[in-house]
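Treat the numbers as computed from the prediction; the structure is a model and nothing was measured.
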Amino acid sequence: MARHLITSALPYINGIKHLGNMVGSMLPADVYSRYLRQRGHDVLYICATDEHGTPAELAAKEQGLPVAEFCGQAHDAQKAVYDGFGLAFDHFGRSSSAQNAELTQHFARRLNENGFIEERAIRQVYSPADGRFLPDRYVEGTCPHCGYDKARGDQCENCTRVLDPTDLINPRSAISGSTDLEVRETKHLFLLQSKLQVEVEEWIARTAGEWPQLASSIARKWLTEGLHDRAITRDLDWGVPVPADTWPELAAEGKVFYVWFDAPIEYIGSTKEWSDQNPADRDWKSWWYEADDVRYTQFMAKDNVPFHSVMFPATEMGVREPWKKVDYLKSFNWLTYYGGKFSTSQKRGIFTDAALEILPADYWRYFLIANAPESDDSSFTWEHFSATVNKDLADTLGNFVNRVLSFSRKRFGDDVPSGKEAGEAEAKLGTEIATLLAEYEAQMEALQFRKAASALRALWSAGNSYLEEKAPWLEIKTDPEAAALTLRTAMNLIHLYAVVSEPFIPASSKAMRGAFALADDTATWVTAEQAKALDTVPAGTAFTVPPVLFAIIPVVDVVSYRARWGGAP
């Protein structure tokens, strides 16, 4: 059985992330990780905060903090939100760690030894007003490709094209806003990606065939346009230092590695952080080095695809060491807010910390995965969110659990009733549940999250259909034993739902499972035979009625939320 290594794109350190960041990487990675663990696989889910680069320095400056202190506080704040969302990382590290610095410098040295790094004199933007060279993100201006007037010097977030600061129209300093910029000569290290073009093309041809079309098309587009040699160092105070034993002159000038060079290496660095916490029982290198038994799956939004599908694999190839490369790259489009962008500055859109303040995590987890932007962009609206929660969670699942347990307790007491032997209706239900469960499993294995959510919803709906067909509230009047059978069967469905819904709604699943006082409830999944039999919770098992799992979101709250966080762009 393969071991599964899972990483989600590193959230950047400067601020709490919005719902689009959550559904574009970390949440689906968590859902998939939880599912694989439940199916008995050996899983390692790794993530970290991406802490280097100019935005970290700028954000720290705005708050009047040393950048290291700012990043430490921001890391803890982000981790608290992700804990609130129930993200079950095996380790959530930091790209500023000593482990990442060590590995980044190792990669750079090896690339240099193999002829894939070259020191070049370049002309770079210099700001007399700031008294310094300006790294790419310290320069802002208009994108020459799409006309977006807030493009950064490394990439246009509107059209996702990679840029150099000198490409921008009407450039200005992100520090002072000065437009009095000069271009002066300085030296930097370049990764000679052009020399690795053929190797990357051959690897993509072998690997990307099973990737989502979004990921494979972006990778092939980059290769068609040709891999260009790119600078991998910057003039910053904060970052992984260029090693003095290899580049003494650049080290003396204080050059650090470009954040997009060291950030992907942090996947390995974070794994080493995890291992170093308990080295006797954890071997980080077995997950990354000569790891032929590992299946590596990455999760990210489409703007991160070029770096992970082309640039990082090229780096791994260039070191001429057997580092593990991605097997499957799951990419996502954008989640928009009423069709427009989330915006911190304009206070448009719900961000993850605020989301948890108003409603439990499972509401958000289910909605986001059920509407994941897989094939195209999807739009968050409060109306759509409340309708989904009210119909699928509160009505279909939550109401089923509550009315079954409450009715049974009222009529038969605090133990699962016995009643008749299962009959034709129960056999039919069991076959249907087994079929629906197989569909759910197939979609989860295929990483088709919207379809998996639809299959899970169909499982919940099957229980309601059974309950409506049998109508125990009517059976109890003429045949109490038949009513008892119906309720016992429905309780077994509740337990089944608790097990298989856990990847989507872990807290609610725990509450459903905890309703039954089973002596040895160690099941991690449900087999087809168990689904057909529906006898995991036997008669006589004590149960309790849990608090309401999902509350209806009233219209008045929807109006209030929209007024608070904005509506149409």
**OP:** Assess whether atom NZ of K187 is packed by more than 12 heavy atoms of other residues, nucleotides or ligands within 6.0 Å.
**Re:**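 It does not: K187 NZ has 12 such atoms or fewer within range.
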Original post:
For atom CD of E225, is the number of surrounding heavy atoms from other residues, nucleotides or ligands below 6.0 Å larger than 12?
Top reply: yes
Checking [X] side chain against [Y] main chain: does a donor-acceptor pair fall under 3.5 Å?
X: D353; Y: V81; value: no
X: D50; Y: A263; value: no
X: T352; Y: K17; value: yes
X: D377; Y: W334; value: yes
X: S270; Y: Y267; value: no
X: T271; Y: W284; value: no
X: W364; Y: A355; value: yes
X: N170; Y: G141; value: no
X: D362; Y: A507; value: yes
X: Q193; Y: H228; value: yes

Minimum heavy-atom separation for [X] to [Y], with atom names?
X: L65; Y: E69; answer: CD2-OE2, 3.7 Å
X: V310; Y: V200; answer: CG1-CG1, 4.3 Å
X: S378; Y: R450; answer: CB-NH1, 4.4 Å
X: P144; Y: L163; answer: CD-CD2, 4.1 Å
X: E157; Y: K341; answer: O-NZ, 3.9 Å
X: N114; Y: V319; answer: ND2-O, 3.1 Å

Considering only heavy atoms from C-beta outward, does the side chain of [X] approach that of [Y] to under 4.5 Å?
X: D276; Y: Q99; value: yes
X: Y32; Y: H4; value: yes
X: S97; Y: E266; value: yes
X: K330; Y: Q448; value: yes
X: Y138; Y: R132; value: yes
X: M444; Y: F504; value: yes
X: Q124; Y: D235; value: yes
X: T207; Y: D327; value: no

Would you please indicate if the ring centroids of [X] and [Y] are separated by under 6.0 Å?
X: Y337; Y: W565; value: no
X: F133; Y: H188; value: no
X: F367; Y: F380; value: yes

Original post:
Who pairs with Y148 by ring-ring contact (aromatic ring centres under 6.0 Å, His included), at least two apart in sequence or on another chain?
Top reply: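 By the ring-ring contact (aromatic ring centres under 6.0 Å, His included) rule, Y148 matches no residue at all.
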**OP:** Kindly indicate, with the supporting measurements, whether the criterion ring-ring contact (aromatic ring centres under 6.0 Å, His included) is fulfilled by Y35 and H41.
**Re:** CA-CA 9 Å; Y35 171 77; H41 294 281; 8.0 Å; no
Is it true that the side chains of [X] and [Y] contain a donor and an acceptor less than 3.5 Å apart?
X: Q78; Y: T49; value: no
X: D130; Y: S176; value: yes
X: K302; Y: S217; value: no
X: Q155; Y: D303; value: no

Original post:
Please walk me through it: do F261 and F107 pass ring-ring contact (aromatic ring centres under 6.0 Å, His included)?
Top reply: CA-CA 10 Å; F261 181 74; F107 269 62; 7.5 Å; no
**OP:** Could you tell me how the ring of W247 sits relative to the ring of F257: parallel (under 30°), tilted (30 to 60°) or perpendicular (over 60°)?
**Re:** perpendicular
Return a table of donor-acceptor pairs under 3.5 angstrom between the side chains of residues 6-15 and protein atoms on other chains or two or more places apart.
{"residue": "T7", "atom": "OG1", "partner": "Y296", "partner atom": "OH", "Å": "2.9"}
{"residue": "S8", "atom": "OG", "partner": "Y45", "partner atom": "OH", "Å": "3.0"}
{"residue": "Y12", "atom": "OH", "partner": "H52", "partner atom": "O", "Å": "2.4"}
{"residue": "Y12", "atom": "OH", "partner": "A56", "partner atom": "N", "Å": "3.2"}

Original post:
Passes side chain to side chain contact (heavy atoms under 4.5 Å, CB included), L191 versus T315? Steps please.
Top reply: CA-CA 8 Å; L191 177 62; T315 297; 3.6 Å; yes
